[in-house]
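What follows is a single structure, written as structure tokens, with notes after it.
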Amino acid sequence: MFLKRIEQTERHLRHFIAQYFAVELERLTVEIPPRIEFGDLAFPFPFELAKTLGRSPRQIATELVEKIKTPPQVERFVAAGAGYVNVFFERISFFKDLYSWLHNPFPEPTGEKIIVEHTNINPNKAAHIGHLRNAALGDTFVRLLRACGRKVEVQNYIDNTGVQVADVVVGFRQLHKMSLKQIKSIGEPFDHYCWDLYAQVYQWYSQDKSRLHYRERTLKEIEGAQEPTSQLAEYISMRIVLAHLKTMLRIGVRYQVLPRESEILRLKFWEESFQQLKEKKAILYRDDGPQEGCWVMRLPGENGDSVDEKIIVRSNGTVTYVGKDIAYQLWKFGLLGKTFHYRPFCRYQDGEIVLHEDQVPDDDTVWLTTIQPSPYKDPDFGQGNSVYNVIDVRQSYLQRVVVEGLRRLGFAEQADHSVHFAYEMVALSPTCCSELGIELSEEEQKKPYVEVSGRKGLGVKADDLINKLVEKSLEEVNARQKDLPLEKRKEIAHQIAIGALRYFLLKYTRSSVIAFDFTEALSFEGETGPYLQYSVVRANNIFRKLEASDPQWDISVWEDNCERMWEEPNSIAELMDDNQVWSLLLQVARLEESIHQTARSMEISYLAKHAFNLAQQFNLFYHKYHILSERDPIKKCFYLTVADAARRGLFKTLDLLGIQVPERM
RNA sequence: GCGCCCGUAGCUCAGCCUGGACAGAGCAACGGACUUCUAAUCCGUAGGUCGCAGGUUCGAAUCCUGCCGGGCGCGCCA
């Protein structure tokens, strides 16, 4: 409703400019004036016209404002500043439209399928804060696309045959001398156990490089599906995958399908795409030179002149990671001519994850790729129209190679629809390192932050951070909500913890490195998730207490009054003149634009900022107007409706960010 | 060496894509507001050569060039 108004107004102005000044403008820049008194929209086009018309911007603006007719949605145009044309909307019809817009759900998903791949954690150790950022960004992006009416498929790629898994297998066998049976008896959290083990193995390798032959052999056995190594690797990796899914569910992140490296290998996806790459001459065989015996892809350098040669197949015949990624990307678009079979792996049930037993698969099922058909009908995963890969910015070069591969195969359209959703890493601040008891080398101490390293066991585990947050918020809840039963308080504490975490992970722009700091992540005041949640809780409290404060008033009385209010707009005309109320309503209305802008730019922080601004506006309103003690029924009804609009807008925004609203705070 | 990103208040960051009205938040500091729809809140004070230097423009934090400082990436590792 807001976007439509902007569009209508812009078209109206453009039309007039064309007729009156005889200048055709492609489109007009629209801005938000710095102060509410200046108007609701600002158009700076008179500055542009000044040169063509040879007159001052102010003159142009003044004359236009005098001559132009106001369309129904506009109350008035004014000439402002040094030459802006500003718009004041017709407030009452705006409010009414906004209010009914807020009651409509987002459109049902239709159209072409979008694939979003995120999380992609190596299944050999516990998830850390960097993985949380990936999942939170990916998941929020998915929610956003769905709100825009797009059909989305969420994939979480599992590299279960890589060296990282092999290393943990080596650890269990060579370091801990454990059998599969013994490993199975290890209690939870298993992924945390492997976190330490992985770091130990790495340490163990570095003490004696010859030990690396264990890795080589194990890796080959896993890739070749050789028992018993393969079985051991399968057990370890899938148990860790399940742990990851549990961790991610804690922050409200869900997946639909887990494509695995092992199936890509065994179903010979790479061989298929290798054929295609050779046929289309996308890759070249090197007869001599330093890359003798390799298949390489020639890539134009950034500026066209220098040429990169990326090795796709090594001289020993093995394929690189990028090669396999090209095959996987082809599959996502349905271009491979091959596909997986699937079986139900687990399902989301009552806020938990349970392994799939005999339930009938449904929307809550997470599917796993298999070689053989399962008793269940294969879902039609893949075949997307566009693909978003949520991967940190350090993989930009490799992502570029993958896309270039598609292009060389003649799939220009799909290459254009392959989007790298890049974001910066989460690193550890120096303070954080000392809090974790990590000793830094002299070189590291000089740096502004330290990179997380799974190999060194250097990092903050996702579960540990979540636990800390839950613990802290439970303390806060206990202090405020003594009368609630413990179960309820725990539920609220969990919601607050996740609200704090998700907002913390989403409020930074993608290009900003998060130097992780416990103090900041654990903060519940100021620009944080709990601040947003608290704003909605306050609004909800008004409605919860409505009846108690005045026996003459309850929800239905308000609703009746509300209908009458819309029928007699004059009754609230004066109240609508209040700029404080108006700017709150405008901010609510901007949600539509924020969603668009956020989806277009893939900049989730933009939506986070919107939510914060809205909450701030609401808190201002909350302090200024005491609704329940309001004696005038018209005013009371009006302010209730404003508060209702604000909480609905905020609720929608928080839902998109994956932040729940607790019952009490 | 080449490529990408960053440099804005004591700290953490928005704003830059799409140039425009006195450069904004949060935290920290200081002062104030709880018999009130819960103070996880609100109000106020203080704090800025927007890394530096040029250029383009009526107008530059924003666009262009150069420089300085920091990060990341460029493996027959994944």
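Note that the coordinates shown come from a computational prediction; the quantities given were computed from them, not determined experimentally. In the text below, chain A, chain B and the rest are named by the order of the sequence lines, each starting its count at 1.
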**Item:** Strand RNA chain B as a dot-bracket string - pairs counted if Watson-Crick or G-U with both distances under 3.5 Å, | where the partner lies in another strand
**Value:** (((((((..((((......[...)))).(((((.......))))).....(((((..]....))))))))))))....

**Request:** For B:C42 versus B:C37, give the span between their C1' atoms, rounded off to a whole number of Å.
**Result:** 14 Å

**Request:** Counting heavy atoms from C-beta on, name the nucleotide in B:U38, B:G73, B:A40 closest to the side chain of A:Glu525.
**Result:** B:A40

**Message:** Taking atom types as they are modelled, would you say the side chain of A:Arg35 forms a donor-acceptor pair with the base of B:A21 within the 3.5 Å cutoff?
**Reply:** no

**Exercise: do A:Arg502 and A:Thr140 side chains pair donor with acceptor under 3.5 Å** = yes

**Message:** At under 4.0 Å between heavy atoms, how does the protein contact nucleotides 8-19 of chain B? Give one character per nucleotide, 5' to 3', with B, S or -.
**Reply:** ----SSSS-BB-

**Item:** Residue A:His623, side-chain atoms from C-beta onward, closest of B:G73, B:C37, B:U41
**Value:** B:U41

**Asked** Given the P atoms of B:G31 and B:A46, what is the spacing between them in whole Å?
**Response** 15 Å

**Derivation and outcome, side chain to side chain donor-acceptor pair (under 3.5 Å), residues A:Glu525 and A:Ser523** = CA-CA 6 Å; A:Glu525 280 160 28; A:Ser523 165; over 6 Å; no

**Prompt:** Aromatic ring centroids of A:Phe269 and A:Tyr328 under 6.0 Å?
**Reply:** no

**Prompt:** Expressed in whole Å, how much space separates the C1' atoms belonging to B:C68 and B:A21?
**Reply:** 33 Å

**Prompt:** Does B:C76 have OP1 or OP2 sitting under 4.0 Å from an N or O in the side chain of A:Asn316?
**Reply:** no

**Request:** Just compare B:U36, B:C42, B:G71 and give me whichever is closest to any side-chain atom of A:His626.
**Result:** B:U36

**Phosphate-side-chain proximity, A:Gln616 and B:G26, N/O vs OP1/OP2 below 4.0 Å** = yes

**Prompt:** With sugar-phosphate meaning primed atoms plus P, OP1 and OP2, does A:Gln481 contact a base, only sugar-phosphate, or nothing at under 4.0 Å between heavy atoms?
**Reply:** base

**Message:** Taking only the P atom of each, what is the distance from B:A25 to B:C6 in whole angstrom?
**Reply:** 24 Å

**Request:** Compute both the distance and the angle, then confirm whether A:Arg538 meets the cation-pi test with A:Phe618: under 6.0 Å from the six-membered ring centre, within 45 degrees of the axis.
**Result:** no

**Request:** Verify whether one side chain among A:Tyr321 and A:Asp159 offers a donor that lies under 3.5 Å from an acceptor in the other.
**Result:** no

**Asked** Counting any heavy atom closer than 4.0 Å, what does A:Asn86 reach on the DNA or RNA strands: base, sugar-phosphate only, or nothing?
**Response** base

**Request:** Establish, from distance only, whether the side-chain atoms of A:Tyr214 and A:Asp167 form a donor-acceptor pair under 3.5 Å.
**Result:** no

**Prompt:** Which nucleotide, B:A25, B:A40, B:C37, lies nearest any side-chain atom of A:Pro530?
**Reply:** B:A40

**Fill in**
Testing B:U38, B:A40, B:G71 for proximity to the side chain of A:Tyr449, the answer is B:G71

**Message:** Can you see whether A:Gln329 engages A:Asn389 through a side-chain donor-acceptor pair at a distance of less than 3.5 angstrom?
**Reply:** yes

**Request:** Specify the separation, in whole Å, of atom CG of A:Leu398 and atom P of B:A78.
**Result:** 11 Å

**Message:** I'd like the C1' distance from B:C63 over to B:U56, given in whole Å.
**Reply:** 8 Å

**Item:** Out of B:C72, B:C43, B:U38, whichever nucleotide has its closest atom nearest the side chain of A:Met425
**Value:** B:C72

**Prompt:** Does A:Arg314 put a side-chain nitrogen or oxygen below 4.0 Å from OP1 or OP2 of B:C77?
**Reply:** yes

**Request:** Would you tell me if any nitrogen or oxygen in the side chain of A:Tyr321 comes within less than 4.0 Å of OP1 or OP2 on B:A78?
**Result:** no

**Prompt:** What nucleic acid atoms does A:Ala539 come within less than 4.0 Å of, heavy atoms only: base, sugar-phosphate, or nothing?
**Reply:** nothing

**Asked** Do side-chain atoms of A:Arg480 reach the backbone of A:Glu476 as a donor and acceptor pair under 3.5 angstrom?
**Response** yes

**Request:** Name the nucleic acid region contacted by A:Gly526, choosing base, sugar-phosphate or nothing; use a 4.0 angstrom heavy-atom cut-off, strictly under.
**Result:** sugar-phosphate

**Item:** Nearest to side-chain heavy atoms of A:Arg538, which nucleotide of B:U41, B:G70, B:C76
**Value:** B:U41

**Message:** Does B:U36 have OP1 or OP2 under 4.0 Å away from a side-chain N or O of A:Lys545?
**Reply:** no

**Prompt:** Between A:Glu603 and A:Thr598, is any side-chain donor less than 3.5 angstrom from a side-chain acceptor?
**Reply:** no

**Prompt:** Which value, in whole Å, describes the distance between the P atoms of nucleotides B:G24 and B:C50?
**Reply:** 14 Å

**Complete:** Of B:C37, B:U41, B:A40, the nucleotide closest to the side chain of A:Phe524 is B:A40

**Request:** May I ask you to check whether A:Tyr423 and A:Asn134 show a side-chain donor-acceptor distance below 3.5 Å?
**Result:** yes

**Message:** What contact category does A:Pro290 fall into here, base, sugar-phosphate, or nothing, at under 4.0 angstrom with non-hydrogen atoms?
**Reply:** base

**Message:** Taking the P atom in each of B:A60 and B:A53, what is the distance between them to the nearest angstrom?
**Reply:** 15 Å

**Prompt:** With rounding to whole Å, what would you report as the distance between B:C5 and B:C16 at their C1' atoms?
**Reply:** 14 Å

**Prompt:** Would you say the side chains of A:Thr318 and A:Arg314 form a donor-acceptor pair under 3.5 Å?
**Reply:** yes

**Message:** Could you tell me if A:Arg544 and A:Asn541 have a donor-acceptor pair between their side chains, going purely by distance under 3.5 Å?
**Reply:** yes

**Prompt:** Roughly, in whole Å, what's the span from CD in A:Gln399 to C1' in B:G3?
**Reply:** 17 Å

**Selected nucleotide, minimal atom distance to A:Val477 side chain, candidates B:U38, B:A40, B:A21** = B:A40

**Prompt:** Taking atom P of B:A78 as reference, at what distance in whole Å does atom CH2 of A:Trp270 sit?
**Reply:** 13 Å

**Asked** Looking at B:U38, B:A78, B:A25, which one has an atom nearest to any side-chain atom of A:Arg664?
**Response** B:U38

**Any A:Arg480 side-chain N or O less than 4.0 Å from OP1/OP2 of B:A40** = yes

**Request:** Please tell me which of A:Phe38 and A:Asn613 maps to the more 5' nucleotide of RNA chain B, matching each residue to the nucleotide holding its nearest heavy atom.
**Result:** A:Phe38

**Complete:** Judged by nearest nucleotide, the residue sitting upstream toward the 5' end of RNA chain B, A:Asn619 or A:Ala42, is A:Ala42

